[in-house]
Amino acid sequence: MQTRSQLLLYSGAVLSLALLLPAAIGQQASPPNGPDPREIAIPAINAPIAKLPGVAELPVRTDMPPVLLTNAGVKVTNQRQWQRRREEMRRILAYYAVGQMPPPPGNVKGQVLKSETLLEGTVNYRLVRLTFGPNAKLELNIGIFAPAAGGPFPAIILQGGTPPGAPVLPRLPQGPNQGKGENVLLLVGPAAGTPPAPRASAPPPTAEALAAQRADLFRRGYALVLFNPNDCAEDTTLRESDGSWAFRTTRFYPAYPGYDWGILAGWAWGASRVADYLETDRSIDKTKLIVTGASRNGKSAMVAAAFDDRLMGAPVVTGGGGVGAYRFAGPRRSETLDVMQKKYPNWFSPHLHEFWGQREKLPFDEHWFLALAAPRPFLALEGITDTISLPEAVRQSILAARPAYALFNAEDRLGVHYANHGHAFTAEDWTAMLDFFDKHLRGKTIDRRFDTYPTEAELDAAAAAQPSRPPSDRARAWKELQSRLPQEKYQRHSLAVEAIMRELATPGTDNLDHWALAGLLHDIDIAETANDLARHGILGAGILRGLQFPEPVIHAVNAHDDRAGVARASRLDHAVYCADQLYWLVTATGHAIPSVKLSTAKPEAIWEQARQLPSKKPLLDELTSECAAIGQTMPKAIAALQAASGKLQAAGSH
């Protein structure tokens with residue numbers, strides 16, 4: 001198994017020659033109507049299910065694939081037939097939608113690491129470490145909160161953060177263009193220079209604080225079980241040099257190399273291991289296990305409920321790849337299959353990617369996940385102003401899944417609740433969830449409905465009421481820079497220093513947005529101070545303060561030129577000086593930025609060449625010291641500049 005340092009591939013990645021990044025000013029080419037031919041392929045995994053038909057072999061069908069019709073065309077009319085159909089559907093979803101998961105390990109054991117009494121003795125908390133898998137080498141920490149009196153209790157399994165008292169595991173950094181709306185399959189490469197530090201995670205809240213936050217849940221007679229899904233599968237689009245996903249080298253995945261499960265399936269499989277343990281816990285009612293989570297965790301909660309007959313689902317604001325049907329998504333800026341396969345193909349089965357642009361050829365749709373939960377209670381929790389999830393797509397999924405519930409005369413057990421919020425998991429969602437399960441698991445009379453959707457007029461009104469989004473700091477910065485520095489040479493230098501700053505920043509330690517902004521804006525006043533360089537940086541800081549940019553950025557701009565007489569204090573301050581002077585030093589050696597010549601040279605050779613420049617000798621010691629202040633030797637800093645140069649060249653920036 002590879003060491004963790006071999007997996008940290010982000011900083012200074014060597015990019016494929018086919019790579020096309022957005023232009024440095026933030027523009028992006030329109031995505032193709034299908035997978036981009038320049039994508040770097042993911043190596044295939046020979047998982048247990050034999051090859052099923054690909055997109056070229058499947059027919060177009062614009063209607064929703066029925067849940068009560070077998071592949072052989074036999075109509076399902078009773079519960080016995082439904083059990084066979086369910087296995088057929090699960091096989092199809094595993095192959096095409098989420099990837100193939102390992103079977104249950106059958107050896108889950110728990111060790112109580114810590115216990116305490118909370119909320120003046122009314123709630124008990126236990127931190128439990130689960131072990132399981134081949135040779136019991138896999139681990140997962142869970143936190144169990146339960147009322148101190150009574151029981152056994154129905155349990156809400158929350159895919160959230162690290163349980164109180166558990167260690168926060170180190171995290172792989174994000175992929176180079178993760179979360180930026182870009183095609184993540186265009187990037188791959190081996191590490192260059194010093195790998196970045198793993199992503200830092202905030203420590204979990206105390207058990208007392210978390211119990212106080214969920215006090216109503218305990219008053220209503222429920223237990224809460226918390227685990228961090230990233231302890232099962234790391235949520236990153238980072239890739240190894242052969243194109244494979246880096247997440248497959250950590251957590252649960254090395255133990256099961258012959259399975260092609262995506263990240264959502266990894267999290268769902270983790271929820272099932274939690275259920276394995278809860279079946280043995282005397283404080284928990286093993287017949288009433290409810291899995292929930294928001295956004296991507298909501299998607300995996302939906303998957304868990306579909307593949308594990310012990311779990312009831314309550315996914316929240318799931319968006320694309322969640323409750324809403326792929327065939328209906330798209331209007332009102334909702335997330336589509338194409339969007340998800342561009343940004344987060346790592347969440348899904350590798351076989352789903354070829355359906356980009358051809359969703360009508362899917363042999364399933366998202367309503368299958370809901371139908372597979374029948375007749376267990378299942379509630380979709382949505383937000384009226386959450387634009388990524390289209391209410392009509394949600395409605396169509398629930399309508400198309402309902403026939404499976406009708407087989408059990410349990411149609412009302414499949415519900416939906418809309419609250420007046422956006423992409424969030426709110427107190428209203430928690431209340432609705434408890435009301436729904438009180439009704440269907442505990443026989444309580446609940447005076448609310450779980451079958452209503454917002455109208456088009458209500459959606460229009462909600463959208464109109466939302467404040468318009470202000471332009472991003474990056475967009476404002478670029479616009480201001482263009483107006484003050486229309487000369488191409490200044491813009492070229494500013495974009496280059498911005499790119500270098502992105503490479504020098506340490507993910508999880510440094511604020512990447514601040515570092516990039518400081519690099520872009522450091523010379524914003526140069527046209528006005530060229531004849532009075534003692535004011536250079538001071539005037540720039542005043543401009544940026546008037547535009548209300550972040551104070552750390554302002555100070556770094558103020559301090560980047562020694563002639564202003566402002567002391568450098570923060571890592572950001574030192575980095576701007578390092579990036580700015582490094583640019584001029586390397587260009588003085590005859591290497592243009594960007595250029596092919598620069599990208600192919602050895603950093604040590606460039607540094608040795610720079611050390612021979614007589615005019616630059618006074619600069620070398622200070623530059624070495626400033627770069628060392630952020631943990632960079634000169635060859636490593638030059639390697640970061642080369643990586644930035646390569647990305648600028650691929651983007652067509654001058």
Side-chain angles (χ1 to χ4, degrees), residues 1-2 4 7-10 98-99 101-102 127-133 137-143 157-176 178-179 184 195-205 210 224-240 244-256 259 261-275 277 291-304 315-319 321-322 340 343-348 423 425 507-509:
M1 182 174 172
Q2 291 173 295
R4 189 169 193 89
L7 303 175
L8 302 176
L9 313 177
Y10 173 38
V98 297
M101 294 178 263
L127 174 64
V128 181
R129 175 173 296 156
L130 306 184
T131 58
F132 48 88
K137 295 295 187 181
L138 301 182
E139 295 183 353
L140 180 63
N141 290 309
I142 67 173
I157 302 172
L158 173 63
Q159 297 182 112
T162 300
V168 178
L169 300 184
R171 296 272 303 277
L172 290 169
Q174 292 188 334
Q178 182 170 333
V184 301
R199 278 185 281 172
S201 299
L210 206 155
L224 176 68
V225 184
L226 175 68
F227 77 98
N228 189 338
N230 279 283
D231 292 351
C232 307
E234 296 196 63
D235 191 8
T236 176
T237 61
L238 200 66
R239 302 172 72 191
E240 296 199 291
S244 60
W245 296 116
F247 77 80
R248 295 197 184 281
T249 61
T250 68
R251 305 301 200 250
F252 297 168
Y253 287 79
Y256 299 101
Y259 294 84
W261 45 335
I263 288 173
L264 298 181
W267 296 348
W269 197 81
S272 289
R273 305 294 68 80
V274 176
Y277 177 76
V291 62
T292 190
S295 192
R296 61 198 68 186
N297 296 338
K299 302 182 211 294
S300 62
M302 178 189 75
V303 175
V316 186
V317 292
T318 54
M340 303 315 295
K343 294 167 59 177
Y344 290 109
N346 53 323
W347 290 351
F348 305 95
H423 198 65
F425 194 172
T509 299

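Just so it is clear, the values below take in all heavy atoms, side chains as well, and ignore hydrogens, waters and symmetry mates. Because the structure is predicted, anything quoted here is derived from the model rather than measured.
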Positive for side-chain hydrogen bond (donor to acceptor under 3.5 Å, both in side chains) with D235, one of R296, Q174, R171
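Testing D235 for a side-chain hydrogen bond (donor to acceptor under 3.5 Å, both in side chains) against R296, Q174, R171 leaves exactly one candidate, R296.
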Ignoring hydrogens and geometry, is there a side-chain-to-backbone donor-acceptor pair from [X] to [Y] under 3.5 Å?
| X | Y | value |
| --- | --- | --- |
| Y344 | T237 | no |
| W267 | C232 | no |
| T318 | G298 | no |
| W269 | P102 | yes |
| R248 | W261 | yes |

If we check side chain to side chain contact (heavy atoms under 4.5 Å, CB included) with F227, which of these qualifies: V128, I157, L130?
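The residue from V128, I157, L130 that satisfies side chain to side chain contact (heavy atoms under 4.5 Å, CB included) with F227 turns out to be I157.
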Do L264 and F348 touch side chain to side chain, with heavy atoms closer than 4.5 Å?
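Yes, at least one pair of side-chain atoms sits under 4.5 Å.
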Check the pair L210 / L226 against side chain to side chain contact (heavy atoms under 4.5 Å, CB included), numbers first and verdict last.
CA-CA 10 Å; L210 206 155; L226 175 68; 3.7 Å; yes
Would you check, one step at a time, whether the test side chain to side chain contact (heavy atoms under 4.5 Å, CB included) holds for R273 with L138?
CA-CA 11 Å; R273 305 294 68 80; L138 301 182; over 6 Å; no
Between OG1 on residue T236 and CG on residue N346, distance to nearest 0.5 Å
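The OG1 atom of T236 sits 7.5 Å away from the CG atom of N346.
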Smallest separation among heavy atoms of [X] and [Y], with atom names:
| X | Y | result |
| --- | --- | --- |
| N297 | P229 | OD1-CG, 3.5 Å |
| Y253 | G262 | OH-O, 2.8 Å |
| K343 | V184 | O-CG1, 3.4 Å |
| G270 | L140 | O-CD2, 4.0 Å |
| A271 | A304 | CB-CB, 4.2 Å |
| V303 | A268 | CG1-CB, 3.8 Å |

Please report whether the ring centroid of F132 lies less than 6.0 Å from that of F252.
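Distance test on ring centres: under 6.0 Å, yes.
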Which is it for W245 and I263 under the side chain to side chain contact (heavy atoms under 4.5 Å, CB included) test, yes or no, and what are the steps along the way?
CA-CA 10 Å; W245 296 116; I263 288 173; over 6 Å; no
Once side-chain contact (heavy atoms from CB on, under 4.5 Å) is applied, do any residues pair with N228, and if so which ones, sequence neighbours excluded?
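In terms of side-chain contact (heavy atoms from CB on, under 4.5 Å), with neighbours along the sequence ignored, N228 is linked to T162, N230, D231.
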Partners passing side chain to side chain donor-acceptor pair (under 3.5 Å) against S300 (at least two apart in sequence or in another chain):
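With neighbours one apart ignored, the set is Q159.
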